[in-house]
Amino acid sequence: MTASVREDLERDMGCLDLLGCVHGLNERDQMAFQLLQQAEGGLTVDDVADRLDCERSTAYRSISRLHEAGVVLQEQINYENGGYYYVYWPRTPEEIAHDMQRLLNDWYADIGQLIQEFEDRYSRDSDDRENQSLQSCS
């Protein structure tokens with residue numbers, strides 16, 4: 001069951017919690033992000049799996065979610081004899097923060113519009129109900 005917006009706003013959150021909340025990332029995804037952020041260079045899925053002590057497929061799913069969320073970049077490295085592998089790099093904290101701020105602003109605008117629609121709909125409906133009640137009494 002998902003928490004309400006009120007519950008989310010009232011709980012103490014850290015930086016990684018925020019990243020998870022905004023992008024729907026789980027704890028392992030957040031650990032993979034932190035690992036990439038602390039690494040000296042890019043990491044492969046195998047590197048992430050080894051450092052997180054998990055299966056390669058589990059690390060791949062986390063890296064994929066991070067990539068889809070736009071918080072890590074993927075670079076293809078080609079072997080000389082053919083074939084390739086990917087290396088993953090985190091985007092800068094400034095880029096990620098800017099994207100989260102943009103998402104929050106978009107969400108705020110959408111919610112503001114829905115609140116206005118709610119007010120318009122139920123204010124009008126309550127006025128109509130009052131008029132109907134008054135008309136039925138006459």
Side-chain angles (χ1 to χ4, degrees):
M1 180 176 200
T2 60
S4 69
V5 171
R6 177 180 294 236
E7 290 170 332
D8 278 344
L9 293 173
E10 291 174 350
R11 75 181 171 106
D12 291 331
M13 276 202 270
C15 293
L16 287 178
D17 293 331
L18 177 63
L19 188 67
C21 180
V22 170
H23 293 290
L25 303 174
N26 65 33
E27 190 173 332
R28 186 171 308 272
D29 302 343
Q30 294 172 38
M31 289 170 43
F33 174 78
Q34 192 168 27
L35 179 67
L36 287 165
Q37 197 67 36
Q38 294 169 348
E40 293 295 319
L43 299 175
T44 65
V45 170
D46 290 329
D47 294 333
V48 172
D50 288 344
R51 294 180 188 189
L52 291 181
D53 193 29
C54 65
E55 296 292 324
R56 185 182 192 287
S57 61
T58 302
Y60 178 76
R61 282 191 299 276
S62 286
I63 295 292
S64 292
R65 281 190 289 271
L66 292 168
H67 186 254
E68 287 172 18
V71 298
V72 299
L73 302 172
Q74 174 181 285
E75 179 182 359
Q76 181 176 315
I77 307 294
N78 296 317
Y79 292 113
E80 287 183 22
N81 299 334
Y84 62 90
Y85 63 98
Y86 291 113
V87 175
Y88 298 90
W89 305 81
R91 291 181 61 211
T92 67
E94 296 81 11
E95 290 173 320
I96 296 169
H98 177 77
D99 284 351
M100 285 193 292
Q101 186 66 58
R102 184 185 47 76
L103 285 170
L104 178 61
N105 291 343
D106 291 348
W107 180 84
Y108 184 78
D110 290 344
I111 293 299
Q113 184 175 352
L114 288 172
I115 290 170
Q116 186 61 55
E117 289 173 14
F118 176 88
E119 183 179 4
D120 293 346
R121 177 178 181 180
Y122 289 103
S123 292
R124 188 172 38 247
D125 286 352
S126 63
D127 290 345
D128 290 345
R129 281 193 291 264
E130 280 183 33
N131 288 337
Q132 289 174 353
S133 297
L134 292 175
Q135 288 173 358
S136 63
C137 292
S138 20

Contact between Leu36 and Ile63 at the side-chain level, heavy atoms closer than 4.5 Å - yes or no? yes
Any chain of hydrophobic side-chain contacts (each under 4.5 Å) joining Leu66 to Leu52? yes
Evaluate whether atom NE2 of His98 has more than 12 neighbouring non-hydrogen atoms of other residues, nucleotides or ligands under 6.0 angstrom away. no
Over 12 foreign heavy atoms within 6.0 Å of OH, Tyr60: no
Donor-acceptor pairs are to be reported for all side-chain atoms of residues 103-114 against protein atoms at under 3.5 Å, with residues two or more places apart or in another chain.
| residue | atom | partner | partner atom | Å |
| --- | --- | --- | --- | --- |
| Asn105 | OD1 | Gln101 | NE2 | 3.1 |
| Asn105 | ND2 | Gln101 | O | 3.4 |
| Gln113 | NE2 | Glu117 | OE2 | 3.4 |

Per-pair distances, 0.1 Å, donor-acceptor, side chain in residues 69-78, under 3.5 Å, sequence neighbours excluded:
| residue | atom | partner | partner atom | Å |
| --- | --- | --- | --- | --- |
| Gln74 | OE1 | Tyr88 | OH | 3.2 |
| Glu75 | OE1 | Trp89 | NE1 | 3.0 |
| Gln76 | NE2 | Asn78 | OD1 | 2.8 |

Taking only residues two or more places apart in sequence, or in another chain, which ones meet Asp99 in a side chain to side chain donor-acceptor pair (under 3.5 Å)? Arg91
Would you say the side chain of Glu68 lies within less than 4.5 Å of the side chain of His23, judging by non-hydrogen atoms? no
What are the two closest heavy atoms between Gln30 and Gly20, and how far apart are they? NE2-CA, 3.5 Å
Between Ala32 and Val48 the two heavy atoms that sit nearest each other are CB-CG1, 4.2 Å
Hey, are the side chains of Leu19 and Phe33 touching, using non-hydrogen atoms and a 4.5 Å cut-off? yes
What orientation do Phe118 and Tyr122 show, parallel under 30°, tilted 30 to 60°, or perpendicular over 60°? tilted
Go through the structure and list residues passing side chain to side chain donor-acceptor pair (under 3.5 Å) with Asp46, not counting sequence neighbours. Arg56
Does Glu95 have any side chain to side chain donor-acceptor pair (under 3.5 Å) partners at least two apart in sequence or in another chain, and if so, which? Thr92
hydrophobic_cluster_shared for Leu43 and Val87, side chain cutoff 4.5 Å: no
Single-linkage hydrophobic cluster Met31~Ile96, side-chain heavy atoms < 4.5 angstrom: yes
Residue set satisfying side chain to side chain donor-acceptor pair (under 3.5 Å) with Asp29, at least two apart, ordered chain then number -> Ser62, Arg65
Nearest heavy atoms of Thr44 and Tyr85, plus distance in Å: CG2-CD1, 3.8 Å
